Amino acid sequence: MSEEENATFPAEGAVNGDKPPAIEVRNLFRSFGALKAVDGVSFSVDAGQVVGFVGANGAGKTTTMRIIATLDYPNRGIVKVGGIDVVQYPAKVRSKIGWMPDHFGTYSNMTVIEYLDFFARALGYKGQERAERVQDVMGFTDLTSLGDRLINKLSKGMGQRLCLGRALIHDPEVLILDEPAAGLDPKARVELKHLIRILADEGKTVFISSHILSELGEMCDTLLFINNGQIIKHGTAESLKHSAGGITVVNVNLAADIEKLEEWATMAPNVTFKEATKQGGRIEIDSIERDVVATVLKRMINDDLQVTEFHREERKLEDAFIEILGEIEAAGGTTVK
Ligand code: ATP
């Protein structure tokens with residue numbers, strides 16, 4: 001059967017015109033010799049979602065992404081993009097995806113416009129349509145005024161925007177972005193984040209890896225944590241922040257003597273005094289349940305600590321990620337979900 005005939009077969013589980021997941025990865029394995037780079041990974045990304053892929057160096061992100069992008073083969077497992085199998089129908093998959101690799105080769109004698117035009121031509125665009133695609137992409141990535149600039153004279157931020165532009169030439173439904181913000185200064189990161197937000201608002205599916213977890217948390221509907229080739233946790237940034245550790249850290253200010261808080265904490269159930277601050281202290285409550293936190297505050301007031309401020313500390317995704325890794329290590333390396 002030709003690739004064309006098969007291109008729209010539904011993903012397993014999709015019935016009566018249900019839209020298949022934009023990305024579906026089932027039981028994926030990829031080894032390099034004895035090294036299990038991807039060790040039984042499964043997840044799916046719905047159309048229009050922005051999903052962050054988080055993991056330490058060597059966790060298996062690029063390997064997974066390269067397989068989704070049809071640039072590598074799995075040893076085992078099924079990977080589909082929009083219901084289309086990446087191994088069986090790579091050309092059809094490529095027409096649906098835009099791929100931004102973590103390293104982008106330098107072309108010393110090519111200008112921005114020549115570079116984009118080259119890829120537009122390779123993608124089969126001709127004449128006026130080709131010129132329009134190149135202009136559109138340059139407009140979107142704010143490179144119009146830099147069309148004649150040699151690529152090796154671009155800043156890192158401009159280069160990343162060009163790389164994103166290249167991935168967008170054929171207006172793909174799904175974007176796979178491997179560490180797009182790596183090495184960018186804060187301003188360039190904000191610009192890139194803004195572009196990704198616009199693409200997500202247009203309804204594109206974005207699968208993005210990054211080490212900058214705080215930014216991923218802001219941008220993504222869901223995050224996938226990967227470690228040693230296995231998905232160790234998934235969920236919204238908010239749920240992940242609070243799922244690890246199971247504690248709530250609170251900053252308390254009081255009008256009474258600071259020592260009174262420390263004394264009080266030694267007696268109070270569920271509470272540990274962590275450190276003194278200028279006007280009070282940081283305490284840890286061994287629960288993330290709101291009613292438990294509320295009861296602690298109520299008890300402080302009843303015990304006349306003269307609380308002037310009670311502020312739940314925002315937990316960082318970085319901390320949650322490290323705590324989750326710690327929990328896995330403590331459990332002897334077992335994957336937790
Ligand atoms: P980083 O954040 O550093 O890019 P990553 O999570 O993307 O890391 P991968 O690049 O997927 O990790 O690598 C996973 C493991 O597989 C690493 O130990 C890496 O050295 C190894 N690996 C990846 N590609 C190859 C290859 N072609 N040959 C041998 N080993 C490889």
Side-chain angles (χ1 to χ4, degrees), residues 23-45 50-79 81 86-87 90 93 97-106 156 159-160 163-164 166-167 174-185 188-189 192-193 196 205-217 219-220 222-235 237 240 316-326 328-329 333 335-337:
I23 302 172
E24 189 185 5
V25 174
R26 253 189 288 143
N27 233 3
L28 180 66
F29 289 84
R30 176 68 166 110
S31 300
F32 299 103
L35 181 93
K36 292 176 179 169
V38 180
D39 191 14
V41 162
S42 298
F43 62 88
S44 91
V45 177
V50 182
V51 174
F53 202 27
V54 178
N57 291 121
K61 302 181 296 294
T62 300
T63 307
T64 306
M65 289 178 131
R66 281 174 51 83
I67 292 171
I68 300 169
T70 77
L71 298 168
D72 192 11
Y73 294 107
N75 296 119
R76 232 176 337 133
I78 305 271
V79 178
V81 172
V86 298
V87 175
V93 168
I97 59 167
W99 160 247
M100 186 169 166
D102 56 353
H103 293 291
F104 124 89
T106 46
K156 176 90 182 161
Q160 288 302 83
C163 204
L164 178 64
R166 185 186 91 182
V174 178
L175 287 164
I176 303 164
L177 314 177
D178 193 6
E179 294 279 352
L184 296 187
D185 64 33
R189 286 215 303 270
L192 189 74
K193 201 163 76 175
I196 292 169
T205 307
V206 184
F207 189 53
I208 177 171
S209 70
S210 176
H211 288 301
I212 307 164
L213 300 196
S214 48
E215 283 185 359
L216 271 191
M219 244 191 301
C220 297
T222 316
L223 296 170
L224 287 168
F225 283 180
I226 183 170
N227 186 52
N228 288 335
Q230 300 185 331
I231 302 293
I232 53 169
K233 208 92 180 178
H234 60 96
L240 289 170
K316 293 197 179 87
L317 262 179
E318 278 84 351
D319 298 336
F321 182 54
I322 287 163
E323 274 170 30
I324 290 165
L325 290 181
I328 289 167
E329 213 166 284
T335 302
V336 289
K337 293 228 165 84

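Ligands are counted one by one from 1 in listed order, and the atoms in each one are counted from 1 as well. Please read these numbers as outputs of a predicted model, since none were measured by experiment. Along the sequence shown, residues are numbered consecutively beginning with 1.
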(message) Under 4.0 Å from atom 7 (O) of ligand 1, can you find at least one protein heavy atom?
(response) yes
(request) Give the contacting part of Leu35 toward ligand 1: side chain, backbone, both or neither, where contact means a heavy-atom distance below 4.0 Å. (result) side chain
(message) Suppose I only count heavy atoms of Ala37 and a 4.0 Å limit; which atoms of ligand 1 are within that range?
(response) 14 (C), 15 (C), 16 (O)
(request) Indicate the atoms forming the closest heavy-atom contact of Lys156 with Gly183, along with that distance. (result) CG-O, 3.7 Å
(request) Name the closest protein heavy atom to atom 13 (O) of ligand 1, giving the residue it belongs to and the distance to 0.1 Å. (result) Thr63 OG1, 3.7 Å
(request) Among all protein heavy atoms, pick out the one at the shortest distance from atom 14 (C) of ligand 1; state its residue, atom name and that distance to 0.1 Å. (result) Gly58 O, 3.4 Å
(request) Identify, by atom number and element, the atoms of ligand 1 in contact range of Ala56, meaning under 4.0 Å from any of its heavy atoms. (result) 6 (O)
(request) For Pro180 and Met100, work out which heavy atoms get closest and say how close. (result) CB-CE, 3.8 Å
(request) Can you pull out the closest protein heavy atom to atom 2 (O) of ligand 1? Residue, atom name and distance to 0.1 Å, please. (result) Lys61 NZ, 2.9 Å
(request) Return the orientation label for the Phe225 and Phe321 ring planes: parallel under 30°, perpendicular over 60°, tilted otherwise. (result) perpendicular
(request) Please name the residue in the list Val50, Leu224, Val174 that meets the side chain to side chain contact (heavy atoms under 4.5 Å, CB included) test with Phe207. (result) Leu224
(request) Please identify which atoms of ligand 1 are closer than 4.0 Å to at least one heavy atom of Thr62. (result) 4 (O), 5 (P), 7 (O), 10 (O), 11 (O)
(request) Taking all non-hydrogen atoms of both residues into account, name the closest pair between Asn75 and Arg30 and its distance. (result) OD1-CA, 3.0 Å
(message) For atom 31 (C) of ligand 1, what is the closest protein heavy atom, and at what distance to 0.1 Å?
(response) Phe32 CD1, 3.3 Å
(message) Looking at every heavy atom in both Ala56 and Lys61, which two are closest together, and how far apart are they?
(response) O-NZ, 3.0 Å
(request) Assess Gly229 for proximity to ligand 1: is some non-hydrogen atom of it under 4.0 Å away? (result) no
(request) Taking all non-hydrogen atoms of both residues into account, name the closest pair between Trp99 and Met65 and its distance. (result) CZ3-CB, 3.8 Å
(request) Any atoms of ligand 1 less than 4.0 Å from a non-hydrogen atom of Asn57? List them with their elements. (result) 1 (P), 2 (O), 3 (O), 8 (O)
(request) Quick one: closest heavy-atom pair of Ile208 and Cys220, and the distance? (result) CG2-SG, 4.0 Å
(message) Please determine whether any non-hydrogen atom of Gly60 lies less than 4.0 Å from an atom of ligand 1.
(response) yes
